[in-house]
Amino acid sequence: MTRTGAVLRIPRLSKRMNEGLEASYDVLDLPDEGRDAFLAEHADRVVAIACTGNGLVDADLVAALPRLQVVVNHGVGYENVDVDACLAHGVLVSHTPGVLDDAVAETTLGLLIATRRRFVEADSFVRAGRWSQEGFPLTGQVAGSRVGILGLGRIGRRFAALVDAMGCEVAYHNRREVPGVPYRYAASATELAAGVDNLVVIVPGGASTAALVDREVLDALGPDGVLVNVARGSVVDEPALVAALQDGRLGAAGLDVFATEPHVPEELRALPNVVLLPHVASATVPTRNAMADLTLDNLALWWSTGRLRTPVPEMADEV
Ligand code: A2R
């Protein structure tokens, strides 16, 4: 199949993505300013969009591109893409499932251990020269603890295997029970939180999970509980989280994601019992390379056959 047309790139993409796109396609960059003028001039050339999590593909953009047929998203989460609008316009969407599971699972474990064992505070303690005057306080531990996983999907299962190997008792909550897994199922997020020491959040973002972890869930986790979020900031009610940490109703939190990145509330940054990461769960060289390659593979396959390697689940029947 021979296709003509341009790929619209929504900045910023990685160097590997940019080089891959520029090597094979006619590429246009969607500007931040002056979009209307840009679209008036170029909209009828665009057949594909390449984007990542912070590139918004909303209903207006889809409607403004009359020849758009495919969106390739660099990332497993794709709540930045209005899939309903794409479906309505016959536009296919791909994402990058599977290739980041190990990196995100190891970040999750590292963040949980760093939070529970207070590694960041311990590092500051050594740097400040305090070790010669006093010992660092004893902490809790992850090995042998009860770990709850909110979202036992591809990443959640990989993480479950890691903590299972550490002798942890693993429980989970999904909307549906997963057949054949050796972990205890909890019927709600609150029930899950009430029965564990550590609650780890690995569900997709978007409207259906917005504030799934609310005050009730945080209170169920309690003053000795640790919350780890590697999903999306939207899944946790951030003001409720700040209040629970400030009041001592929640023990500690390890956070890779925030409600309005890269903004991190001053109240969170002031708390000693939080470990804060700049959304780096999948940010390793091998994993980001694999994500870029899978995104480019999807585009190349669509360009030559009209099919996608890894369509989002909503359109698995369409390709
Ligand atoms: O609910 P189910 O049975 O569809 O299970 C999915 C679960 N999940 C939820 N659990 C509770 N309440 C919800 N409203 C809800 N929505 C989804 O999350 C499934 O077990 C899990 C997601 O797994 P996967 O689709 O395999 O995604 P993956 O690759 O593990 O990535 C998860 C997320 C990404 O979307 C990024 O936001 C983040 O991790 O990196």
Side-chain angles (χ1 to χ4, degrees), residues 51-56 73-81 83 93-112 147-163 170-196 199-214 216-217 220 227-237 254-259 261 277-284 287-288 290-291 294-295 298 309-316:
C51 60
T52 188
N54 48 22
L56 195 65
N73 186 60
H74 174 281
V76 64
Y78 51 91
E79 65 280 355
N80 53 306
V81 179
V83 173
V93 182
S94 71
H95 66 146
T96 62
V99 293
L100 41 63
D101 299 351
D102 283 329
V104 179
E106 81 172 18
T107 303
T108 311
L109 180 60
L111 190 50
L112 173 56
V147 176
I149 301 174
L150 185 55
L152 191 74
R154 285 173 294 255
I155 299 168
R157 282 192 198 212
R158 203 63 63 94
F159 170 73
L162 298 179
V163 284
V170 179
Y172 73 99
H173 170 68
N174 287 359
R175 287 164 302 182
R176 284 170 294 276
E177 196 166 346
V178 181
V181 297
Y183 314 124
R184 179 173 61 80
Y185 180 69
S188 70
T190 305
E191 186 187 312
L192 179 67
V196 297
L199 180 66
V200 170
V201 186
I202 326 185
V203 290
S208 67
T209 57
L212 188 59
V213 176
D214 57 9
E216 185 183 287
V217 175
L227 176 78
V228 169
N229 187 8
V230 293
R232 289 289 183 263
S234 58
V235 182
V236 175
D237 179 340
L255 306 171
D256 185 45
V257 288
F258 303 89
E261 296 171 11
L277 299 181
H279 201 151
V280 292
S282 70
T284 69
T287 292
R288 286 291 168 86
M291 291 166 67
L294 181 53
T295 309
N298 270 292
R309 178 147 297 143
T310 47
V312 299
E314 291 89 331
M315 23 192 93

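Just follow the structure's listing: the first ligand is 1, and inside any ligand the first atom is 1. Keep in mind the model is a prediction, meaning the values are calculated, not measured. Heavy atoms only: backbone and side chains are in, while hydrogens, waters and symmetry mates are out.
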| task | May I have all residue pairs that pass salt bridge (charged side-chain N to carboxylate O under 4.0 Å, His left out) and include part of residues 96-107, sequence neighbours excluded? | result | D101-R158, D102-R158
| task | Let me know which protein residues bring a heavy atom to under 4.0 Å of ligand 1; chain then number is fine for ordering. | result | V76, G77, G151, L152, G153, R154, I155, H173, N174, R175, R176, I202, V203, P204, S208, T209, L212, V230, A231, R232
| field | Pairwise side-chain contact, V200 with L150, heavy-atom cut-off 4.5 Å (strictly under) | value | no
| query | Is any side-chain heavy atom of R157 less than 4.5 Å from a side-chain heavy atom of V178? | reply | yes
| message | Contact between F159 and L112 at the side-chain level, heavy atoms closer than 4.5 Å - yes or no? | response | yes
| said: Would you say that R232 contacts P204 through its side chain, given a criterion of any heavy-atom pair below 4.5 Å between the two side chains? | reply: no
| query | Do L109 and L111 have side-chain heavy atoms sitting under 4.5 Å apart? | reply | no
